Amino acid sequence: MTNHVETSFSEDLYDRLLNLYPRAFQQQFGEEMRFVFSEVLREAEAASGVWGVAVVWRRTLADALVSIITQHLNDQEGHATMKNHLADLVMENKVFGWIALATGLLLLIPLVAMQFNSGVNWSTGDFVVMGALLFITGSIFVLTARRVDRAHWGLVAFVVAAGFLYLWAELAVGVFLTWGS
Amino acid sequence: MNFQLSQSEFYILLSLAIKRRHGYDIMKQVEADTAGQVQLGPGTLYGSIKRLAESALIEEVAGDDRRRKYYALTEEGRRSLASELSRYDDALTLARQHDLLQQFGLARQRQ
């Protein structure tokens, strides 16, 4: 029963991931991709339980990250559609839910990496700080973007991303201050 | 033929040269053919299928299971795969002539 819950949670999460592909691509292949993901997931779960599910997610996230970007770059129409979707989404409060989801997905990367690579060793505090940093960064972008013209969103994203990277570097190793370990 | 096949696309064409397949079947066949070295995720798999279909190297065909989409090689796809295999064959012949397989420790594995 527990395994079934994990599988359907994974399938729900994958559905959300599919929404990030260009709409035309989703319409053409979304159902098939979900089908394939479900079969891979069930097979891995039957063979290795929760560990198998974790391995599938590690591969799926890497695959999705590359293929979502590739499909958007390949699809000019999809690119325009994504920009419109993003613009609409920024104005709605549910965008904070998406930021939280994206934060959770990004935190899965070190969490899964820790299982395979002893060089990655994050404490609970590291996850909390990075989670807060990611969520706050996303929220600052949204709140700022709502107040400026869309033509300047790229600049806002650049400044916010630069601020995020600076804070990350400062917390990790220290740049000008002594926050780093 | 200017279409440059990626590694994933090459193995997808190879799997479809044997018979028509649906996505999951292609994925499993590629994994088996490469001894697990090439593991296609759904995004890469269907991204490749899209590109191959747009280039008319594969086409959607009817299959046993109506819930799934099946794909098969087109004549253009067969020509493209044959050309790619011929290129590999030429390279392998050349490597054998210069004893490169032995030099790189590949001779025993390939025999």
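To find a chain, count down the sequence lines: A is the first, B the second, and so on, and within it residues start at 1. Since the model is a prediction, treat every value here as computed from it, not as a measurement.
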B:Gln102 atom CD, neighbour heavy-atom count above 12 within 6.0 Å = no

Flag yes if A:Val66 and A:Leu18 sit in one hydrophobic cluster, no otherwise; membership is Ile, Leu, Val, Met, Phe, Trp, Tyr, and two members link when side-chain heavy atoms are under 4.5 Å apart.
-> no

Contact listing (chain B partner; residues 126-134 of chain A; heavy atom under 4.5 Å) = none

For chain A, find which of B:Leu40, B:Thr44, B:Ile49, B:Leu45 contributes the most heavy-atom pairs closer than 4.5 angstrom.
-> B:Thr44

To the nearest 0.5 angstrom, please state how far the NZ atom of B:Lys69 sits from the CD atom of A:Glu31.
-> 7.5 Å

Give a yes or no on this: more than 12 heavy atoms of other residues, nucleotides or ligands lie within 6.0 Å of atom CZ of A:Arg146.
-> yes

Would you mind checking if A:Glu39 and B:Lys28 are paired as a salt bridge, meaning a charged N to carboxylate O distance below 4.0 Å?
-> no

Against chain B, label A:Val40 side chain, backbone, both or neither, depending on which of its atoms sit under 4.5 Å from a heavy atom there.
-> both

Heavy-atom pair of closest approach, residues A:Glu32 and B:Arg67 | OE2-O, 3.8 Å

Treating Ile, Leu, Val, Met, Phe, Trp and Tyr as nodes and any side-chain heavy-atom pair under 4.5 angstrom as an edge, say whether A:Val148 and A:Val160 lie in one connected cluster.
-> yes

Kindly work out whether a path of hydrophobic side-chain contacts (I/L/V/M/F/W/Y, heavy atoms less than 4.5 Å apart) joins A:Phe141 to A:Val159.
-> no

A:Ile140, A:Leu101: one ILVMFWY side-chain cluster at the under-4.5 Å cut-off?
-> yes

Atom of B:Tyr46, atom of A:Val36 and distance for their closest heavy-atom approach | OH-CG2, 3.6 Å

Can you get from B:Leu16 to B:Ile18 by hopping between Ile, Leu, Val, Met, Phe, Trp and Tyr side chains that sit under 4.5 Å apart?
-> no

Side chain to side chain contact (heavy atoms under 4.5 Å, CB included) partner of B:Pro42, the single match among A:Tyr14, A:Phe35, A:Phe29 = A:Tyr14

Pairwise salt bridge (charged side-chain N to carboxylate O under 4.0 Å, His left out) hits with a residue in residues 43-53 of chain B, at least two apart = B:Glu9-B:Arg51, B:Lys50-B:Glu54

Inspect the surroundings of CH2 in A:Trp168 and state if more than 12 heavy atoms from other residues, nucleotides or ligands are less than 6.0 Å away.
-> no

Minimum-distance pair of heavy atoms, taken over all atoms of B:Gly43 and A:Ser67 = CA-OG, 3.4 Å

